[in-house]
Amino acid sequence: MDKRYQPQLFEQKIYKEWEKKGLFTPKVDKKKKPFTILLPLPNASDPMHVGHVMFVIEDIMIRYHKMLGEPTLWLPGGDHAGIETQFVFEKKLAKKGKSRFDYDRKTLYRMIWKFVEKNRKLNMFQMKELGFALDWSRYHYSLEPKIVEQILATFKKLHDDNLIYRGERIVNYCTYCGTAFSDLEVDHVEKDDFLYYLDYESVQIATTRPETIFADVAVAVNPKDKRYKKLIGKEATIPLINKKVKIIADDLVEKEFGTGALKITPAHDALDFEIGQKHHLPLITCIEFFGKMINTIKEIDGLYPKQARKKTLELLERSGKLVKTEPLRHTIGICYRCKNIIEPLPTSQWYVKTKKLAEPVIDSVKSGDTKLFPPRFKKVYLDWMENIRDWNISRQIVWGPRIPAWYCLECNPEIRLTFISKRGKKVKGNYSGIFSKYSFKEIAGGLQELSAPVEAEYFLKDKGECPRCGGSDYLQETDTFDTWFLSGQWPLTTLGFDVKNPMKSSEDFFYFYPTSVLDTLWDILFFWVGRMMILGFYLANKTPFELIHLHAKVVDERGQKMSKSKGNVANPSKIVEKYGADALRMALVYGIAPASNIALSEKKIEAMRNFTNKLWNASRFILMNLESSNFKLQTSKQLLKVKSLKNKDDQQILAGLEKLVEEVDKNLKKYRFGQALEKIYQFFWHQFCDDYLEKVKERRAEALPVLLEVLVTCLKLLHPFAPFVTEAIYQTFKVKLKKHSLFKADYLMVSVWPQKDSG
RNA sequence: GGGUUUGUAGCUCAGUUGGUUAGAGCGCACGGUUCACAUCCGUGAGGUCACAGGUUCGAGUCCUGUCAAGCCCACCA
């Protein structure tokens, strides 16, 4: 053995061997209950970052259960990650001076596909690099045909069950990304802004968005507000355009805020939209989808809202309608991806009715059929489920499967189309306005986007003709599915569930579903876990997992979240290269409490690297003694039964070992991985090396059985945390002690977990 | 506004159901090259466990309040 442990010499070699021997693939034994975890599928848009290394917690559980002799499956996958990926790709395009608008959707899709394939392979390599005991023979990708086929069937089923509808309402629209977002995808930030008091003649209103006055359709006051009682039903006048609107009463209006009178702009504010619906007010738009002003006045039209605000204020001031300006700190919604301000806009989107679907989920969590760890998340999870809103599943991007609905253009002439013509010219307009100039083939070939009015008729099956008029000029919806619609069915699709005919699902499904543990970052508890449960119950009538285990976020030394923009993202491959995978793995686990943030520092990784070296050298010491003594290497009969040893030190260390086994076991069962590792570290380094090993130097030969017993037991306990170095040492010993009972298993990875009474 | 978590050594954090002198890693001080390891070994300094009350024979650990920080949720224009 070398003087130092050099991970580079062993890691890849050992991983390949494990893989070759099929150790990652569970042996299905119907008499035994399997232990199953689905890997939270990494986004194929990006290489993995250090946060992903937290999957090591899953690896620890998997390896532990494998050593307990359970059929153990850890199923890997890759996610096409719709918006995320398209966003990353568009940034790449931008560097080349291009944008998504330069390509028709087929071309763009193909380009992204190619880009993603590269990253998918990189992701797989990185997971192997970290030693993850994933069953690669069951790997799935969210865009593979079988998976997509299933999720389309789910859409159909939801539709047949009347749980899908199209709705026109205010959505969170990012004019930069060009798509709507669900409420979950909107970040909120505090911003110092101003509150402007405007003179509407009969009444004064206060607003932060003076540029939207052109789309006002009413002014609302609280019915209990004495100041305005007399004005209800009267009129107010919008400045600059001198338009008269009604003053209405609604208790959603806060009396205390501003003047207590609220201008109602249903097209550009969610609250206003709600009030507008209630009072049957019209919808006037003054900001279009690319973020520019329309339907205003000639000084403003065509400007972006920011400039428009400035200009509007200027004009208001000049006309004496700007009464006063107050500073105001409030929160605004921004796009979680590009950080631009979210524009609430009215659009038609596809929704899933979620209220009913959430009921069995709530029951399951309440009754404890599905548990959460740490348990404190139960409350917030239930809270979200109980107040769930309908789920907008449509996204206006190309990257992902399109919603399987078709529109006949003849039957829906008001459909708005955007496409690139044969001559490479971008064309926009309603079908009714352009059908005479462009053939259907030309439109379909260069199609970028279509936008159908909410009342448009669609059909679900691509039959070859419109079921209504029999025509063949129809186009598929260009909206794609929200990524979570696909990954929300991950436990079902990857295990071979058959949506159309559940009884015909694959054997894997019946054996492994529900899975044992779902471990993930709490960031996506609602995004992902919530949807998986909803769809799991809806389709399979069972929870997808028995336990939801939430792990922590990795932050830098100063407690800052790792993000690219901060430039503090650590590259796991680089760390592995420098310190070894085991060191990185242990650095993320050692001394952490469940679901609290983890500050990763280079010092800590170094400390863990030193620990792997300590293991290595203690082993080297034992091996050297083994070789220099008269120890018969090939037989186990020569060994004394460790239990019969009389020496006090021996007894003490063995008692300590027994206690350690018990404690590690207890901690692992309670998901206290940090504690478990700390216990092993302390025992091995200080009790075993510093103390016992030093003491027995004078009677090495005699102590050999004890040394071996303690070493192998520690290797086993440590294996889930540091699989490589432990396996490397085990193999080194195995070569010398082939027949020894401690080295029966071909690989430490599949050896038997230490039992309490084994000493 | 509602919810939730955290506040323990210079730094990053453990401390499981309340039980003897409160722990680790890193850092710091001093001392060690002997045949496992300088990625090492030994010795040591350093904490009124945020603050104030309470329960208890006994509290870092349970309860109440205060202060501070973080996170999540929410339609304050």
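Below, read A as the first sequence line, B as the second, and so on, with proteins coming before strands; counting in each chain starts at 1.
- Evaluation of the side-chain hydrogen bond (donor to acceptor under 3.5 Å, both in side chains) rule for A:Tyr579 yields A:Glu602 as partners, not counting sequence neighbours.
- Between A:Phe10 and A:Trp616, the distance separating the two ring centers is shorter than 6.0 angstrom.
- Among residues at least two apart or in separate chains, ring pair (Phe, Tyr, Trp, His ring centres under 6.0 Å) pairs with a member in residues 656-684 of chain A are A:Phe373-A:Tyr671, A:His549-A:Tyr671, A:His549-A:Phe673, A:Tyr590-A:Tyr681, A:Phe611-A:Tyr681, A:Tyr681-A:Trp685, A:Phe684-A:Phe688.
- Looking at residues two or more places apart in sequence or on another chain, you find a salt bridge (charged side-chain N to carboxylate O under 4.0 Å, His left out) between A:Arg209 and A:Glu211, A:Glu343.
- Every residue meeting the side-chain hydrogen bond (donor to acceptor under 3.5 Å, both in side chains) condition with A:Lys278, not counting sequence neighbours, appears here in chain and number order: A:Asp250.
- Considering only residues two or more places apart in sequence or on other chains, A:Tyr228 meets the ring pair (Phe, Tyr, Trp, His ring centres under 6.0 Å) condition with none of them.
- Side-chain N/O atoms of A:His686 include one lying less than 4.0 angstrom from OP1 or OP2 on B:rG25.
- Residues passing the ring pair (Phe, Tyr, Trp, His ring centres under 6.0 Å) test with A:Tyr351, sequence neighbours excluded: A:Tyr165.
- Remark: A:Thr347 pairs with A:Gln349 by the side-chain hydrogen bond (donor to acceptor under 3.5 Å, both in side chains) rule, at least two apart or across chains.
- Figure legend: cation-pi geometry between A:Arg531 and A:Trp391, with NZ or CZ positioned under 6.0 Å from the six-membered ring centre and within 45° of its axis.
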Check: protein-nucleotides 43-47 of chain B nitrogen or oxygen pairs below 3.5 Å:
none

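- Following rounding to the nearest Å, A:Glu678 (CD) and B:rU16 (P) show an atom-to-atom distance of 12 Å.
- In RNA chain B, runs of at least 3 stacked Watson-Crick or G-U pairs (N1-N3 plus N6-O4 or O6-N4, or N1-O2 plus O6-N3, all under 3.5 Å) give these stems: B:1-7 with B:67-73, B:10-13 with B:23-26, B:28-32 with B:40-44, B:50-54 with B:62-66.
- For the ring pair (Phe, Tyr, Trp, His ring centres under 6.0 Å) condition, no pair includes a residue of residues 260-284 of chain A, sequence neighbours left out.
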Extract from the structure each pairing of a protein N or O with an N or O of nucleotides 70-76 of chain B at less than 3.5 Å, listing the distance.
residue : atom : partner  : partner atom : Å
B:rC75  : OP1  : A:Arg389 : NH2          : 2.4

Q.
Walk along nucleotides 28-40 of chain B from 5' to 3' and tag each nucleotide B, S or - by protein heavy-atom contact under 4.0 Å, base first, then sugar-phosphate.
A. --------BBSBS
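- In terms of heavy atoms, A:Leu550 sits closest to A:Asp519 at C-OD1, 4.4 Å.
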